[in-house]
Amino acid sequence: MTSMDLLSGLNPVQRAAVEMPEGPVLVVAGAGSGKTRVLVYRIAYLLENGIAPESIIAITFTNKAAGEMRSRVADLIGPTADEIWVSTFHSACVRILRREAPRLGYANSFSIYDSSDSLRLIRMILKDLNIDEKRLPPRGVAAAISNAKNKLMDAGLFSDFADNPYEKRIALVYTEYEKRLAEQSAFDFDDLIMRTVEVFDKHPDALARYQGRFRHVLIDEFQDTNHAQSRLATLLAGKWRNIFVVGDADQGIYAFRGATIKNLLDFERDWPEAKVITLEQNYRSTRTILDAANAVIENNAMRKPKALWTAQEGGERIVRYHGSDEHDEAAWVAQEVRKLSDQGHPHADVAVFYRTNAQSRVLEEAFNAASLPYRVVGGVGFYDRKEIKDMMAWLRAAMNPLDTISAERICGAPKRGIGPGSISKIQAFAASRVMPLGNAFDYAEEVDRLNKKARGGALEIGRILAHIRDLDHSGVPITDIVASTWEITGYMTELQADRSFESLSRQENLKELAGSAAEYDENTQQGSLTDFLELVALVNDTDEEEGEETGVTFMTLHNAKGLEFPIVFIVGMEEAVFPHMRSLADPEQLEEERRLCYVGITRAQERLYLLNAWRRRLWGPDANYNTPSRFLREIPDDLIKEADKKDLFTTRRTSVDKPKSVGGRDLSRFKVGAEIEHTRWGRGIIVDLRQSALGMEATIHFPDMGSDKRLDLTLAPIKVV
DNA sequence: CATTACCTGATTTTT
DNA sequence: TCAGGTAATG
């Protein structure tokens, strides 16, 4: 491909950005102005001009963005693209640390602790230090440590700066936390960045290697970088000074996580010879939508003025609907989606955004009631689920015996007669032999006063871990290792013995885990278990949502960044919901909410709907009456059209159509109030029935057991009496 | 040691 | 509302 062909699809400004000579470049790119395009073409341009692919590193914020960039570059220039480092900050750092970790006294097979692992560790430390969780909430400690690490403040520095009793206590915990992470050869999320920087700071030869290699450093979404990340970028680009960053200060929505748009605003100060290019033409949205977005964002005081424009004229007016409550709001969305689909708009063209994940629930109910297809992106992470964490703990414990968090976890998954008491006995033994907990199971015979059951259980755990290691060494596909693990641990058998609804969905989840392992096996020539564990640690399931694009998409506004849809609904536009309650008191946080609103609005290509509810139940028994969001007031009236309410109630949910039979079993006799008999638990009464993803879920009260059970009717061994 | 029943407690966004 | 931790019980 010639240079002419390559660049022909770009406008003059985009093209100028792509063709910038070497040296630092800042591309200020408004929403929908072709930011990703510029990055992708820049890479292609560099390659065309003789830059070796392995000397380019492109860093994005999410795995999804990295994947997209990789495939778009591959589309342009073919398989050479594989040689380029296209990754997130975190995975780039892991890649560096896999090699350099020994310099920090870590094993190459280090574990990566996610936030729930860190929280668990912090709880243990609080217990050991005899600090009451009420005096020092673990979550707060975790947040403080995370913030510190994002600012490259290690425990020592933090202690030096701690000037009140509260901070001093946190400093104590932080110090111990770091010590234990090191003992367990584990990094938490924030460590991945901070400790990579530490390697570079302490070992000039390591820094020199990467600096020499990466002749071009490209960074997407620069406004979302935190101090540690921007420092890392600065270090990497330190030798060649070819740092090409793209960002939009108006779309910075991660300050709560330590991101600071200062990095973007100070770029020219940090790189005095920098060239700046501003992309202001929007190719995505209608004039109406863009006018609304601009009108909202203008209310941010702390902002450099910038106006996006579009060549598109007019467009549909923005539709407003005032729901009476959240159910009404959701039902209205559903009926409008139905109407749109009758008019020929595919469901996949529609997205519904909300501020918090909890809001998806009502929408799901409404869409189920209306039999409309949807998919929820994000929410409770797949890898956060118990069964997944349990399975991962087995694999992690096998690969990193120092990983105490995982070793403790597997003692109870499934139960083997090893309770807290036995664990501390084994731990004491391990300590006396200077041996990691993960290796101590094999020596259970030598542990003092361990009861018989625990002893046997521990020995079995030891055998299982050895077996997993064997499988890994003999190059067995990861899929088989995963499946073998849930077999030999007895985890799957235990789940299968239980016919409850939860158990079924857990089994499904485990199979899904095997599915992602299979995907890994397919895409990797010589994979290893460690490699797979790393992938799982850094990739959350929202990233890989290929496949069915048939339904309406539900997601949080944060998740929507970087995406676009012809038709967008934003629900819950009320004070205290959006802007979120926790931001109301602080002007800076409020501006972040406004940027979030800006992001949401600019996702829409053709039509935009903004909704609020007068009355909403957020948590607990009583409802909130919130005024409409200030962001609504900031949009000029002439861009907005009020929706009429008239046909709403025709589609209100009156009854849920339940399938007569699911999975070949006749369900019509199961009704609320019906008396049934269960082969194991005896007689019971159905107190609730609901349709679920997997079939029909019933809540059944068994008087003899004194408790309710949730069962799947298609599978549970029950019959109507 | 395991199970269960309560009982908190906390509720934003995520690599 | 709900999940996760803890206390009480088998």
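None of these values were measured; they are calculated from a predicted model. Below, chain A is the first sequence line, B the second, and so on; all start at residue 1. These numbers come from the heavy atoms of this one structure, side chains and all, not from hydrogens, waters or symmetry mates.
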Exercise for review: Check every atom of dT11(B), dC2(C), dT14(B) against the side chain of Arg139(A) and return the nucleotide holding the closest atom.
Suggested key: dT11(B)

Review point. Given the side-chain rings of Phe89(A) and Phe61(A), with only the six-membered ring counted for Trp, is the space between their centroids under 6.0 Å?
Key: no

**Study point:** DNA chain B contacts among residues 572-591 of chain A, heavy-atom distance under 4.0 Å
**Key:** His580(A), Arg582(A)

Revision key, fill the gap. note: Asp390(A), atom CG; dG4(C), atom P; distance rounded to Å ~ 12 Å

Review point. Which one, dT11(B), dT15(B), dC2(C), comes nearest to the side chain of His90(A)?
Key: dT15(B)

Review point. Using centres under 5.5 Å plus planes under 30 degrees as the test, is Phe256(A) stacked with dT13(B)?
Key: yes

Review point. Which residues pass the salt bridge (Lys or Arg N to Asp or Glu O under 4.0 Å) test with Arg455(A), sequence neighbours left out?
Key: none

Review point. Is the gap between the ring centers of Phe569(A) and Phe353(A) under 6.0 Å?
Key: no

Exercise for review: Give a yes/no answer on whether the side chain of Asn559(A) brings an N or O atom under 4.0 Å of OP1 or OP2 in dT14(B).
Suggested key: yes

Check your understanding: Just to confirm, is there a sub-4.0 Å distance from OP1 or OP2 of dT12(B) to any side-chain nitrogen or oxygen of Asn357(A)?
Key -> no

Practice item. May I ask you to decide if the ring planes of Phe110(A) and Tyr106(A) are parallel, tilted or perpendicular, using 30° and 60° as cut-offs? Key: perpendicular

Review point. So, Phe189(A) and dT15(B): ring centres less than 5.5 Å apart, planes less than 30° off, yes or no?
Key: yes

Exercise for review: Return the nearest nucleotide to the side chain of Lys415(A); candidates are dT13(B), dT3(B), dG4(C).
Suggested key: dT3(B)

Review point. With a 4.0 Å cut-off on heavy atoms, is Leu596(A) in touch with a base, just the backbone sugar-phosphate, or nothing at all?
Key: nothing

Point to revise | Atom pair distance, as rounded to whole Å: CD in Glu133(A) and C1' in dG4(C) | key: 11 Å

Check your understanding: Do any side-chain nitrogens or oxygens of Thr556(A) fall under 4.0 Å of OP1 or OP2 in dT14(B)?
Key -> yes

Practice item. Report the residue from Leu181(A), Leu104(A), Val94(A) that forms a side chain to side chain contact (heavy atoms under 4.5 Å, CB included) with Phe187(A). Key: Leu104(A)

Practice item. State which residues pass salt bridge (Lys or Arg N to Asp or Glu O under 4.0 Å) with Asp191(A); sequence neighbours excluded, sorted by chain then number. Key: Lys149(A)

Review point. Between Ile253(A) (CD1) and dT14(B) (P), how many Å, whole number?
Key: 9 Å

Practice item. Using atom types as modelled and distance alone, determine if a side-chain donor or acceptor of Asn263(A) lies under 3.5 Å from a backbone N or O of Thr225(A). Key: yes

Review point. Just how far, in rounded Å, is C1' of dT3(B) from NZ of Lys453(A)?
Key: 12 Å

Practice item. Quick one: label Tyr254(A) by what it contacts on the DNA or RNA (base, sugar-phosphate, nothing), any heavy atom closer than 4.0 Å. Key: sugar-phosphate

**Study point:** side-chain contact (heavy atoms from CB on, under 4.5 Å) against Lys415(A), all qualifying residues, sequence neighbours excluded
**Key:** none

Point to revise | Interatomic distance, Phe61(A) CZ vs dT13(B) C1' [rounded to whole Å] | key: 10 Å

Check your understanding: Is Gly421(A) touching bases, backbone alone, or none of the nucleic acid, heavy atoms closer than 4.0 Å?
Key -> sugar-phosphate

Exercise for review: Could you work out the separation of dT13(B) and dG4(C) based on their P atoms and round it to a whole Å?
Suggested key: 15 Å

Review point. What's the closest nucleotide to the Arg617(A) side chain, out of dT14(B), dG4(C), dT1(C)?
Key: dT1(C)

Practice item. Examine Tyr113(A) together with Phe189(A) and report whether their ring centres are nearer than 6.0 Å. Key: no

Point to revise | For atom CG of Asp220(A) and atom C1' of dT15(B), their distance in whole Å | key: 14 Å

Review point. Looking only at atom types and distance, does a side-chain atom of Glu534(A) sit under 3.5 Å from a main-chain N or O of Asp531(A), one as donor and one as acceptor?
Key: no

**Study point:** salt bridge (Lys or Arg N to Asp or Glu O under 4.0 Å) partners of Arg169(A), counting only residues at least two apart
**Key:** none

Review point. More 5' along DNA chain B: Pro137(A) or Thr88(A), using each one's nearest nucleotide?
Key: Pro137(A)

**Study point:** Residue closer to the 5' end of DNA chain B, Gly417(A) versus His558(A) (nearest nucleotide)
**Key:** Gly417(A)

Review point. Which whole-number value in Å describes the distance from Lys149(A) NZ to dT15(B) P?
Key: 18 Å

Exercise for review: Rounded to the nearest angstrom, tell me the gap between atom CD in Glu326(A) and atom P in dT1(C).
Suggested key: 11 Å

Practice item. Tell me which residues in residues 114-130 of chain A put a heavy atom below 4.0 Å from DNA chain B, sorted by number, or none. Key: none

